[in-house]
Amino acid sequence: MTPSVHPNFKTHFAELLHQAASHITTLDTSIRIELARTKQADHGDYSCNLAMQLAKTLRKSPREVAQLLIDKIPASPYLERIEVAGAGFINLFLKHSAKQQYLHSILQSQAEFGNCHFGQGRKVQVEFVSANPTGPLHVGHGRGAAIGASLANILTAAGFNVSREFYVNDAGRQMDILTLSTWLRYLELNHIHVPFPENAYQGGYVKTMAQLIFQAHAERYVHHPDLLLEGIPANAHATATHTDEQLDQLIANAKNILGQDYAYIHNFVLTEQLGDCRNDLMEFGVEFDTWFSEQSLFDNGLVAHTIQLLEQKHYLYQQDGAIWFRSTDFGDEKDRVVQRENGQFTYFASDIAYHLNKFERGFEQVINIWGADHHGYIARVKGALQALELDPAKLEILLVQFAVLYRDGKKAPMSTRSGEFVTLRELRQEVGKDAARFFYVMRKSDQHLDFDLDLAKSQSNDNPVYYVQYAHARVCSVLAQWDGDVALLAKADTDALSSPAELALLQKLIDFPDTVEMAAKEFSPHLIAFYLRELASEFHSYYNSTRFLVPEIPLLHARLALIASIRQILNNGLRLLGVDAPDKM
RNA sequence: GCGCCCAUAGCUCAGCUGGAUAGAGUACCGCCCUCCGAAGGCGGGGGUCGCACGUUCGAAUCGUGUUGGGCGCGCCA
């Protein structure tokens, strides 16, 4: 991704202040020179609190220090004036010409405007969604998908080499339960009625998969039910209430009866569910570079190898027939089992191997996006990394709080157990991809999300998605009526842009690259959503106050260059969030 | 009981590693289409930043405690 060629005023002024300060004192490493955008116009465009930070060691008042710095600051083609204010702030005023000429950078860089090389090409992995392939994605997964995909886009724009990954839990017990469930439904289709366990998968999609198998292979997988019921108490069947152990017994029996065929059904349901999931996410604008199989960690011996490593480092011990990892050495509440009494590795064991593998693949930063209910899991995973002599700080875990759907002002009921959950697909069908993507990232990820379905659906000014998209469509409409060559606007004379509204809008456009960088630095896609709403708001206001299609050519071109730049940034920002920027609505 | 997250306008939320008079949206009230798209704009009221101490030139922001809410605490994933 090529960074755009715009000047960065923040870093430019920070460098000037650094030079000024070096004339006065030797800067302590603890002091960071940072420029902040001001809230009020009479405070200039940027302000710096460096003088306040230096005042103590220099034994001078902050205002005095500020004046000393101003006296020493080198000349700059972008700086209109610089002054001391308030308790010792240094306020900097950008030249109007600097703002006006900035439009040329935007219109030249186009889709690449806003990119930067903050990430310096470092390899980063974002792992997200990673839902069990045992049923359709629901609205909880949707938020993780939206946040993960947006964050990956933002990191890419900020100059990281990003890899998007979905961890496929294809090795566990849940897959076995799905396989069993499907086979039982298949037997039903063949008029063999075995009571369907309550704790098996109840969803209608299981019956659908059974039908597909039946259509393709007729009665090939039919077996006598007596063998299946072996070891299961009669009352469990009569009531269809099975304990976890009884369910496991059913699975074991199914494996015995079906032999090689078990693997076929297992593979079939996995492929079906994964395909459905991939398709669902693609329609949601979310794609992955890698679908990483948990099973492959076992097949390649990586799990066993990882456990061996921990053993060598003496972090494992045996107790109650199981093998435990001493995660309490790393601040976890209790030690954790990696290998069960029955010889099976736990999910945690393969997860350690998985994370070790991530770093072996050369990622310098690994970001996991998890549902908030997994937070208790962080300590043990980071502990395992430490035990393997990896830096746990290189693993960033973003916890995404739940989304609660509201309809008619009331909570829409959601329960995974009963199968009455709202799927991501249903949500998309109801409110559309764009509204869903935007609403999901409108809040900080660690903030609960109240998802107002009625608002997301409404085609009104209340709906923030339409509000932003409408601004984009409005610009398109004006440019279409102008009927000139938009490409020429990149070289237009922009000196005529001098009203307060126009200068404020120019500054808002200048803020975009900083916003993208901040969103990348803070792993915060919501900053983009907020920025877009603010930009759209300033544009709508400008639109109502100013006519663009005026007879005076210089003014006309200047204003069109401004709104074309606004359109470009709305487009770039929406693209980061996976939301379309329509020309017409 | 222990751990993590959260608490800011009636409601939903921003507020970046401490900075100037705490901001949006929404709801409510009043305005603006002979004019590039009214899916828009303008104006108005609305606050003890849960509470209490502390750190300092300065705290919504940092620390400790406390209250209230969410989530987690399996040889499940």
Side-chain angles (χ1 to χ4, degrees), chain A residues 32 34 36-40 42-43 47-49 52 55-56 61-62 85-89 91 130-132 134 169 171-175 244 294 319-324 331-334 336-342 344-348 350-351 371-379 399 401-402 404 406 409 442-450 452 455 458-467 469-471 473-482 514-515 518-519 521-522 524 526-527 529-530 533-534 536-537 539-550 559-560 563 584-585:
Chain A
R32 280 169 305 184
E34 286 184 13
R37 283 275 291 109
T38 53
K39 289 170 191 160
Q40 288 169 249
D42 57 320
H43 291 159
S47 76
C48 185
N49 64 0
M52 288 134 133
K56 190 170 253 179
S61 79
F89 293 99
N91 290 341
S130 297
N132 269 337
T134 51
N169 298 122
R173 179 169 177 268
Q174 297 305 319
M175 275 307 301
D244 280 353
E294 180 188 6
Q319 189 181 303
D320 305 328
I323 298 177
W324 299 69
D332 198 6
E333 295 171 355
K334 49 190 289 192
R336 309 290 175 176
V337 171
V338 289
Q339 192 169 16
R340 288 194 284 248
E341 201 176 351
N342 65 9
Q344 293 253 302
F345 289 110
T346 59
Y347 174 86
F348 179 43
S350 47
D351 226 17
D373 53 334
H374 284 64
H375 66 74
Y377 204 72
I378 296 174
L399 293 178
Q401 296 289 333
F402 299 117
V404 182
Y406 284 82
M442 264 194 322
R443 304 276 174 260
K444 280 188 300 195
S445 55
D446 57 7
Q447 185 78 242
H448 289 261
L449 172 68
D450 288 340
D452 186 335
L455 180 61
S458 76
Q459 302 204 353
S460 77
N461 48 341
D462 302 349
N463 188 335
V465 191
Y466 282 92
Y467 186 78
Q469 289 181 322
Y470 181 50
R474 260 185 157 176
V475 176
C476 290
S477 177
V478 175
L479 291 176
Q481 283 174 57
W482 170 54
D514 291 334
T515 305
M518 181 65 79
K521 208 180 284 185
E522 304 285 322
S524 297
H526 75 278
L527 294 177
F530 276 90
R533 286 173 72 174
E534 288 163 10
S537 168
F539 166 74
H540 285 309
S541 178
Y542 180 51
Y543 181 95
N544 275 281
S545 69
T546 311
R547 198 171 163 78
F548 309 139
L549 298 176
V550 293
R559 286 183 176 162
L560 292 181
I563 65 169
K584 286 183 188 145
M585 296 173 67

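The structure displayed is predicted, hence computed values, not measured ones. Proteins come first, then strands; the chains are lettered A, B, ... in the order of their sequence lines, and each starts at number 1.
The side chain of A:Asn132 approaches B:rA77 more closely than any other nucleotide in the set B:rA20, B:rG37, B:rA77. For A:Tyr377, whose side chain is taken as the heavy atoms from C-beta onward, the closest listed nucleotide among B:rC75, B:rA77, B:rA39 is B:rA77. Nearest nucleotide to the side chain of A:Lys334, out of B:rC36, B:rC73, B:rG25: B:rC73. Of the candidate nucleotides B:rC57, B:rA20, B:rG41, B:rA20 has the atom lying nearest to any side-chain atom of A:Phe89. Side chain of A:Asp244, nearest nucleotide from B:rC75, B:rU26, B:rG74: B:rG74. Taking only side-chain atoms of A:Val337, from C-beta outward, the nucleotide of B:rA38, B:rA14, B:rC75 with the closest atom is B:rC75. Ranking B:rC36, B:rC5, B:rC13 by closeness to the A:Asp446 side chain, first place goes to B:rC5. Among B:rA20, B:rA39, B:rG15, the nucleotide with an atom closest to any side-chain atom of A:Tyr466 is B:rA39. For A:Glu333, the listed nucleotide lying nearest its side chain is B:rG3; candidates were B:rU12, B:rG41, B:rG3. Minimum atom distance to the side chain of A:Arg547 is reached by B:rC35, of the listed B:rC35, B:rC4, B:rC71.
Annotation: A:Phe548 is in aromatic contact with A:Tyr542 [ring centroid separation under 6.0 Å].
Residue A:Glu341 is classed as a base contact, given a heavy-atom separation below 4.0 Å to a base. Here A:Ala372 lies in heavy-atom contact (under 4.0 Å) with sugar-phosphate atoms only. Residue-level contact check: A:Tyr347 touches the bases, meaning some heavy atom is under 4.0 Å from a base atom. Here A:Lys39 lies in heavy-atom contact (under 4.0 Å) with sugar-phosphate atoms only. At the heavy-atom level, A:Met52 lies under 4.0 Å from base atoms of the strands shown. If you check every strand for non-hydrogen atoms under 4.0 Å, A:Ala471 touches nothing. Base engagement by A:Gln40 is indicated by at least one non-hydrogen atom pair under 4.0 Å involving a base atom. Residue contacts for A:Arg336: at a heavy-atom cut-off of 4.0 Å it reaches no nucleic acid atom on any strand shown. No contact: A:Asn342 has no heavy atom under 4.0 Å from any strand. Across all strands shown, A:Ser545 has no heavy atoms under 4.0 Å from either base or sugar-phosphate atoms.
Rounding to the nearest 0.5 Å gives a distance of 10.0 Å between CD of A:Gln40 and CG of A:Asn91. Atom CG of A:Leu549 and atom CG of A:Leu560 lie 6.0 Å apart (nearest 0.5 Å). Atoms CG and CD, on A:Leu449 and A:Gln401 in that order, are 10.5 Å from each other to the nearest 0.5 Å.
Looking only at side-chain heavy atoms (C-beta outward), A:Asn169 and A:Met175 stay at 4.5 Å or farther from each other. Within the 4.5 Å cutoff, no side-chain heavy atoms of A:Ile563 are placed close to those of A:Tyr543. For the pair A:Arg37 and A:Asp514, the minimum side-chain heavy-atom distance is 4.5 Å or more.
Between A:His374 and the phosphate of B:rC5, there is no side-chain N or O to OP1/OP2 separation shorter than 4.0 Å. Side-chain nitrogen and oxygen atoms of A:Gln447 include none within less than 4.0 Å of the OP1 or OP2 phosphate oxygen of B:rG70. Taking 4.0 angstrom as the limit, A:Ser541 places a side-chain polar atom (N or O) nearer than this to OP1 or OP2 of B:rC42. Between A:Arg474 and B:rA38 there is a side-chain polar atom (N or O) within less than 4.0 angstrom of OP1 or OP2. Close to B:rA77, at under 4.0 Å from its OP1 or OP2, lies a side-chain N or O of A:Arg340. Listed pair A:Arg37 / B:rC16 fails the phosphate criterion, with no side-chain N or O lying under 4.0 Å from OP1 or OP2.
Distance check on atom P: B:rG23 versus B:rC16 gives 14 Å, rounded to whole Å. Of the C1' atoms belonging to B:rA9 and B:rG15, the separation is 14 Å, rounded to the nearest Å. Nucleotides B:rG72 and B:rC29, compared at atom C1', are 47 Å apart to the nearest Å. Of the P atoms belonging to B:rA22 and B:rU48, the separation is 13 Å, rounded to the nearest Å. Rounded to whole Å, the C1' atom of B:rG25 lies 10 Å from the corresponding atom of B:rA14.
For the pair A:His526 NE2 and B:rC13 C1', the computed distance is 10 Å after rounding to whole Å. Taking atom CG on A:Leu449 and atom C1' on B:rC5, their separation rounds to 15 Å, with Å as the unit. When rounded to the nearest whole Å, the span between CG of A:Leu455 and P of B:rA39 equals 17 Å. For the pair A:Glu522 CD and B:rC16 C1', the interatomic distance rounds to 6 Å; values are reported in whole Å. Regarding A:Tyr543, its OH atom lies at a distance of 14 Å from the P atom of B:rC42, rounded to whole Å. Here the P atom of nucleotide B:rG74 and the CD atom of A:Gln174 are 17 Å apart, to the nearest Å. The CD-P distance, from A:Gln469 to B:rA39, rounds to 15 Å in whole Å. Remark: P of B:rA38 and CG of A:Asp462 are 17 Å apart, rounded to the nearest angstrom.
No hydrogens or angles were tested; on distance alone, nothing pairs the side chain of A:Asp42 with the base of B:rA20 as donor and acceptor under 3.5 Å. Side-chain atoms of A:Asn49 come within donor-acceptor range of the base of B:rG19, with a qualifying N/O pair under 3.5 Å. Taking 3.5 Å as the limit, the base of B:rC5 and the side chain of A:His375 contain no donor-acceptor pair of atoms between them.
Of the two residues contacting RNA chain B, namely A:Arg32 and A:Cys48, the nearest-nucleotide position lying further toward the 5' end is that of A:Arg32. Mapping A:Lys444 and A:Ala322 onto RNA chain B via the closest heavy atom, the residue that lands nearer the 5' end is A:Lys444.
The base-pairing partner of B:rG3, taking Watson-Crick or G-U wobble contacts with both distances under 3.5 Å, is B:rC71. B:rC28 and B:rG44 make up a base pair, with Watson-Crick or G-U wobble contacts both under 3.5 Å. A 3.5 Å limit on both hydrogen-bonding distances identifies no Watson-Crick or G-U partner for B:rA38. Under the Watson-Crick and G-U wobble criteria, each requiring two contacts below 3.5 Å, nucleotide B:rA60 is left unpaired.
The aromatic ring of A:Tyr467 does not sit over the base of B:rA39; the criterion of centres under 5.5 Å apart with planes under 30° is not met. The aromatic ring of A:His43 stacks onto the base of B:rA20, its centre lying under 5.5 Å from the centre of the six-membered base ring with the two planes under 30° apart.
A:Gln174 and A:Thr134 share no donor-acceptor pair across their side chains, judged by distance under 3.5 Å alone.
Shown here are the ring-ring contact (aromatic ring centres under 6.0 Å, His included) partners of A:Tyr466, two or more places apart in sequence or in another chain: there are none.
Classified by interplanar angle (parallel below 30°, tilted 30° to 60°, perpendicular above 60°), the ring pair A:Tyr347/A:Tyr377 is tilted.
In this entry the base of B:rC33 is syn relative to its sugar, with a glycosidic angle within 90° of 0.
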